[in-house]
Q: 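One structure, as structure tokens, below. Some questions next.
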Amino acid sequence: MGGFGWAARQVSTLFNSRPELGVSVSFLSGRSRRRGSPAAVHGTPIVFCGAGCDRQTLARGKPDLLLTLDFRPRYRAVFDIFDRVPVIVWVRDPKPPHIQAEVDSLRLPKDPSWPQGIKPINSRALAGAAAARVRAGIPVLFGTPAPSLASVVRQTYGVGEVECVFLPNIVDRVDGPTIKSEKPQVIFLGRLDPIKRPWLFVELARFFPAVEFLMLGQPHFKGRGSWAAHDLPPNVRLFGHVDGALKHQIVSSAWVLVNTSIHESLPTSVLEALARETPILSFTNQDNVTSRFGIVAPWCSGDGRKGLGALVAGLRQLLDDTTRRTMLGREGRRWVEGTHHAAGFLQAFDQLCASAGVQRMSALPAGRTLAAAAHGRGAHQCL
């Protein structure tokens, strides 16, 4: 689930479905194995590297490469076991101090509780975790699906000057035309957690009683500092976590995707919506994606209610102007299809592998694997 889990799944699915590419994938978790822990996720073996694991046995089966999704302190367990393995850090959602300050301004509406899910993450611990590799001349490389994020790599991870190359997402291509609903539908696609400010989507719906507002996603927190849906207007429907054909159908039929988060880098939800010709209304504008394929509402701190008027105005523009809305959706689809695809990922991945001294093989030798550290809500994975 979530953007990190989605990215890990897309990479593993690509290589698992195409063995001729010469890459075998495993998920490596910094957690300890627990009773009931799965042996595989999405058809990919998962190896637990936390306390209690047989480090010597794991080290003998070392991968050729670690691909990490950002960096989390829990990845250190994986780094320590495979301390001679090159690393590619896929920079997806870095939070240098100035971004963390924006996130820290988040408040729940009419609730003094500190919001759950916004605690700073010590991503700068990467510098220490990678130090021995750097001294030994073992590469630690960086790629990102959002080129503008390259400017915050040094601040975020505590590393020196490094090159951060464009490593695109793998967005599944949508076959054929998309069919929009006859009556207007607006969607929210993401976790129903405070950082996403889902209450703004609910409040927005009250201004458009003739429009259907569909919320796709589920909360990951409970109790103080979380958000729970209540007193919803009749035009708001909760779907919970949705994937597969139903998700495709809903996102394809929607007229607009609304993103109310206080912070985003390049959200998976935005790419999935644009791939289905659904334009964006958002407070965030990473790499100018929203401004190119939708409408940007001025960013606002706290609970975001001061920005509600801008959301209402922006949504009204998109709903009322069919020509503009259709054009933005089609242009967004062309951009996603031409930018974030498997071929582009493989080209950049091969370049990074060459820099790391690793080469994909057309015939996969025994033991040649890709492994990566990835963080997901409730699980830590490595490819």
Side-chain angles (χ1 to χ4, degrees), residues 3 6-7 10 14 145-148 166-190 201 204-205 208 210-217 239 242-261 264-298 310-345 347-348:
W6 173 87
Q10 293 297 94
L14 171 65
S148 65
F166 177 56
L167 182 62
N169 288 299
I170 306 170
V171 179
D172 295 331
R173 188 178 181 89
V174 177
D175 295 326
T178 57
I179 301 175
K180 299 300 177 183
S181 60
E182 292 186 10
K183 296 182 179 179
Q185 291 182 345
V186 177
I187 60 170
F188 175 102
L189 178 57
F201 187 79
L204 182 62
F208 299 88
V211 177
E212 275 194 298
F213 283 71
L214 312 180
M215 301 188 78
L216 282 63
F239 282 81
V242 177
D243 209 344
L246 178 59
K247 180 180 179 181
H248 168 72
Q249 185 272 320
I250 294 174
V251 179
S252 296
S253 64
W255 289 25
V256 180
L257 178 136
V258 176
N259 186 307
T260 52
S261 299
E264 294 279 13
S265 289
L266 183 58
T268 298
S269 59
V270 165
L271 299 178
E272 291 183 313
L274 291 177
R276 292 158 177 80
E277 300 184 19
T278 302
I280 312 302
L281 172 62
S282 177
F283 289 114
T284 61
N285 189 29
Q286 191 72 51
D287 283 38
N288 297 316
V289 171
T290 304
S291 58
R292 292 169 62 191
F293 311 117
I295 292 178
V296 182
L311 285 181
V312 171
L315 183 56
R316 185 165 286 127
Q317 290 181 49
L318 290 172
L319 294 179
D320 290 348
D321 192 338
T322 301
T323 300
R324 182 186 184 190
R325 188 179 67 250
T326 302
M327 178 194 69
L328 291 171
R330 289 176 178 172
E331 289 180 351
R333 178 175 178 173
R334 283 195 291 269
W335 173 74
V336 171
E337 290 181 345
T339 308
H340 292 278
H341 47 72
F345 173 88
Q347 182 178 15

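Both backbone and side-chain heavy atoms feed into the values below; hydrogens, waters and symmetry mates do not. Residue numbers start at 1 and run along the sequence shown. Remember, predicted model here, so these are calculated numbers, not experimental data.
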Q: Asn288: which residues meet the side-chain contact (heavy atoms from CB on, under 4.5 Å) condition with it, sequence neighbours left out?
A: Asn285, Ser291, Arg292
Q: Are Val251 and Leu189 close enough, and set up right, to give a side chain to side chain contact (heavy atoms under 4.5 Å, CB included), and what steps lead you there?
A: CA-CA 9 Å; Val251 179; Leu189 178 57; 4.3 Å; yes
Q: Got a second to check how far Arg330's CZ is from Phe293's CZ, nearest 0.5 Å?
A: 15.0 Å
Q: Would you check if Ile280 and Leu274 make a side-chain contact, meaning some heavy-atom pair closer than 4.5 Å?
A: yes
Q: Going from CG on Leu204 to CG on Leu281, what distance comes out if it is rounded to the nearest 0.5 angstrom?
A: 7.0 Å
Q: Can you confirm whether Glu272 sits close enough to Leu257 that some side-chain heavy atom of one is under 4.5 Å from a side-chain heavy atom of the other?
A: no
Q: Tell me the closest heavy-atom pair linking Val171 and Ala275, and the distance in Å.
A: CG1-CB, 4.1 Å
Q: Is it the case that the side chain of Trp255 and the backbone of Ser181 share a donor-acceptor pair, with hydrogens and angles ignored and the cut-off at 3.5 Å?
A: yes
Q: If the condition is ring-ring contact (aromatic ring centres under 6.0 Å, His included), which residues does Phe239 pass it with, not counting sequence neighbours?
A: none
Q: Could you tell me if the side chain of Val186 sits less than 4.5 Å from the side chain of Leu319, heavy atoms only?
A: yes
Q: Of all heavy-atom pairs between Thr278 and Ser252, which one has the smallest distance, and what is that distance?
A: OG1-O, 4.4 Å
Q: Any side-chain heavy atom of Val256 within less than 4.5 Å of one from Gln317?
A: no
Q: At their closest point, which heavy atom of Leu271 faces which heavy atom of His340, and how far apart are they?
A: CD2-CD2, 4.1 Å
Q: Looking at residues at least two apart in the chain, or sitting in another chain, which of them share a side-chain contact (heavy atoms from CB on, under 4.5 Å) with Gln347?
A: Gln351
Q: With sequence neighbours excluded, what pairs up with Glu212 under the side-chain contact (heavy atoms from CB on, under 4.5 Å) test?
A: Gln185, Leu214, Arg237
Q: Take Val296 and Phe283 through the side chain to side chain contact (heavy atoms under 4.5 Å, CB included) test and state the conclusion after the steps.
A: CA-CA 6 Å; Val296 182; Phe283 289 114; over 6 Å; no
Q: Using a 3.5 Å distance criterion without hydrogens, assess whether the side chain of Thr326 forms a donor-acceptor pair with backbone atoms of Thr323.
A: no
Q: Would you say Arg333's side chain and Glu277's backbone share a donor-acceptor pair under 3.5 angstrom?
A: no
Q: Might you point out which heavy atoms bring Asn259 and Glu264 nearest each other, and give the distance in Å?
A: ND2-OE2, 3.2 Å
Q: Provide the closest heavy-atom pair for Phe166 versus Thr339 in the form atom of the first, atom of the second, distance.
A: CZ-CG2, 3.7 Å
Q: If you round to the nearest 0.5 Å, how far is CZ of Arg173 from CD of Glu337?
A: 4.0 Å
Q: So which heavy atom on Pro168 is nearest to which on Gly344, and how close?
A: CG-C, 3.5 Å
Q: Less than 4.5 Å apart, side chain to side chain, heavy atoms only: is that true for Gln10 and Asn169?
A: no
Q: Please check if the number of heavy atoms outside Ile179 that lie under 6.0 Å from its CD1 is greater than 12.
A: no
Q: Do Val270 and Thr290 touch side chain to side chain, with heavy atoms closer than 4.5 Å?
A: no
Q: Any chance you could lay out the side chain to side chain contact (heavy atoms under 4.5 Å, CB included) test for Ile295 and Arg324, step after step, and finish with the verdict?
A: CA-CA 11 Å; Ile295 292 178; Arg324 182 186 184 190; 3.7 Å; yes
Q: Run the side-chain contact (heavy atoms from CB on, under 4.5 Å) test against Ala146 and tell me which residues pass, sequence neighbours left out.
A: Thr144, Leu149, Leu266, Gln286, Asp287
Q: Using the test ring-ring contact (aromatic ring centres under 6.0 Å, His included), find all partners of Phe201 that sit at least two apart in sequence or belong to another chain.
A: Phe188, Phe213
